[in-house]
Amino acid sequence: MTFGRSGAASVVLNVGGARYSLSRELLKDFPLRRVSRLHGCRSERDVLEVCDDYDRERNEYFFDRHSEAFGFILLYVRGHGKLRFAPRMCELSFYNEMIYWGLEGAHLEYCCQRRLDDRMSDTYTFYSADEPGALGRDEARPGGGEAAPSRRWLERMRRTFEEPTSSLAAQILASVSVVFVIVSMVVLCASTLPDWRAAAADNRSLDDRSRIIEAICIGWFTAECIVRFIVSKNKCEFVKRPLNIIDLLAITPYYISVLMTVFTGENSQLQRAGVTLRVLRMMRIFWVIKLARHFIGLQTLGLTLKRCYREMVMLLVFICVAMAIFSALSQLLEHGLDLETSNKDFASIPAACWWVIISMTTVGYGDMYPITMPGRILGGVCVVSGIVLLALPITFIYHSFVQCYHELKFRSARYSRSLSAEFLN
């Protein structure tokens, strides 16, 4: 630290009236970026860009910020617990304090992150590094000026491929990707039609055109996946993401089928007869899930299933328990009591399980049904029980779905703000 009272072993931070004493060595590597910037200040002008006032005699730096919020943040960076909102303090105000000191929303505990997203979506509030009180990441990091252009370029590329609403280029790229998904799905569905297969058998050029279209779509998906992998921040985290795994499952079967074609020859009849090749061909249906990158509805569904896995397990447990009880009783009433007039559809408990599941879900295909009076009474109880048991956990899943939708909608609106700025520029 080149500026300050010479010979002083420590400095004093005065945050809203609360004073904290820190050694100069601790100040150099302090976790809060705004505080650590004091170590590199060479003049009083540099100091006043970081803090609000400075007393050279007492070597004291003044910050006109919320003292209680800084106390919570200081406890967090020192490793004492997790970062949560200060009591009796607005979530947006606390978040503004976090940005000022150099923290992000990801540092918050998960429950507080959800509270913050709800609050920001309700008030339609945005915070970014360009706003007053927010600290730019590149200038806050030591030596960040040299690598800043490359980091900004990689971040822009990453957002272009990962966030469809982040820029005009991202929207164009997402639209092209959606077109390729739709085209590939249309070709896949059409290739299963009997008329299409008959025409392809008579006209070799039709089959060749469909293969060319398929190869172009696969080439686009492969290039998109490779570029996203290159510009990703964490390569291991990229590989673990569910959507990226689905992309790999959708692309790999094509290359496996091409290799099998190379090794087995170009006999199309042999390829169609191969069960393995048909399974690999149908795995391209995973391309539909790629639309989750571009539509909030599918993203909401995935996020809801991720957050509500306990409720989903509870729902399955309810169904399995009820299925075991009602299938055993229905098999006994329909087949086990009177063997002469027994219902052959309920010959076993596993067979009765099918009737229980379609009755509890109120589907009722009509392929099997009870014929005895006790069996019909049991069927009515089964239907009513199914409605009640399914309704209980679905309520929690519904509320989680609504909350996930609002969160994703807010994040999409936040990226759309940058898109509007790009149009204006």
Side-chain angles (χ1 to χ4, degrees), residues 110-111 114 185 188-189 192 242-243 245-246 249 275 278-279 282-289 291-292 295-409:
Y110 177 70
C111 58
R114 297 177 66 176
M185 287 297 98
L188 177 62
C189 295
T192 60
L243 284 179
I245 295 175
I246 292 172
L249 291 176
V275 177
R278 280 182 287 177
V279 171
M282 284 300 110
M283 284 183 67
R284 289 182 298 171
I285 201 68
F286 284 115
W287 290 346
V288 176
I289 307 180
L291 296 176
F295 294 101
I296 294 180
L298 293 176
Q299 295 175 14
T300 306
L301 177 61
L303 185 59
T304 304
L305 294 177
K306 179 181 178 181
R307 292 183 178 178
C308 296
Y309 70 93
R310 291 187 180 88
E311 288 78 7
M312 298 296 294
V313 171
M314 182 171 59
L315 178 62
L316 291 177
V317 170
F318 286 170
I319 293 176
C320 291
V321 171
M323 188 186 304
I325 295 174
F326 286 111
S327 60
L329 293 177
S330 62
Q331 192 274 338
L332 176 64
L333 296 176
E334 291 294 312
H335 188 271
L337 295 180
D338 191 353
L339 297 179
E340 295 182 358
T341 60
S342 61
N343 191 341
K344 301 300 181 181
D345 293 333
F346 294 81
S348 64
I349 292 179
C353 286
W354 169 248
W355 171 78
V356 172
I357 190 66
I358 63 176
S359 298
M360 290 184 64
T361 56
T362 66
V363 176
Y365 288 117
D367 54 342
M368 57 187 298
Y369 49 87
I371 57 177
T372 63
M373 182 59 65
R376 292 176 180 177
I377 295 175
L378 180 67
V381 175
C382 178
V383 171
V384 175
S385 301
I387 294 174
V388 174
L389 292 177
L390 292 176
L392 293 176
I394 284 179
T395 304
F396 296 100
I397 298 174
Y398 165 75
H399 287 298
S400 180
F401 181 86
V402 172
Q403 189 173 20
C404 292
Y405 175 74
H406 286 304
E407 290 181 16
L408 294 175
K409 189 176 180 181

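Worth knowing before you read on, the calculation uses all heavy atoms, side chains too, and leaves out hydrogens, waters and symmetry mates.
Nearest heavy-atom pair, S327 versus V356, reported as atom, atom and distance to 0.1 Å: N-CG2, 3.5 Å. Closest approach of L315 and P393 over heavy atoms only: CD1-CG, 3.5 Å. Across every non-hydrogen atom of I357 and T361, the tightest pair is O-OG1, 2.7 Å. Of all heavy-atom pairs between C382 and M360, the closest is SG-CG, 3.5 Å. The shortest non-hydrogen separation linking T372 to L333 is OG1-O, 3.9 Å. Considering every non-hydrogen atom in both P370 and E334, the closest pair reads CB-OE2, 3.3 Å.
Distance check, rounded to the nearest 0.5 Å: CD of E311 to CZ of F318 gives 10.5 Å. Going from atom CG of L316 over to atom CE of M323 covers 9.5 Å, rounded to the nearest 0.5 Å. To the nearest 0.5 Å, atom CD1 of residue I397 and atom SG of residue C404 are 11.5 Å apart. F401 contributes atom CZ, which lies 9.5 Å from atom CG of L305 (distance to the nearest 0.5 angstrom). Rounded to the nearest 0.5 angstrom, S400 OG and K306 NZ are separated by 12.0 Å. Note that CG of L389 and CD1 of I319 are 8.5 Å apart. Values are rounded to the nearest 0.5 Å.
Residues D367 and I358 have side chains in contact (heavy-atom distance under 4.5 Å, counting atoms from C-beta outward). Within the 4.5 Å cutoff, side-chain heavy atoms of Q331 are placed close to those of I349.
In this structure, the ring of F346 has its center no less than 6.0 angstrom from the ring center of W354. Ring-centre distance between Y369 and W355: not below the 6.0 Å cut-off.
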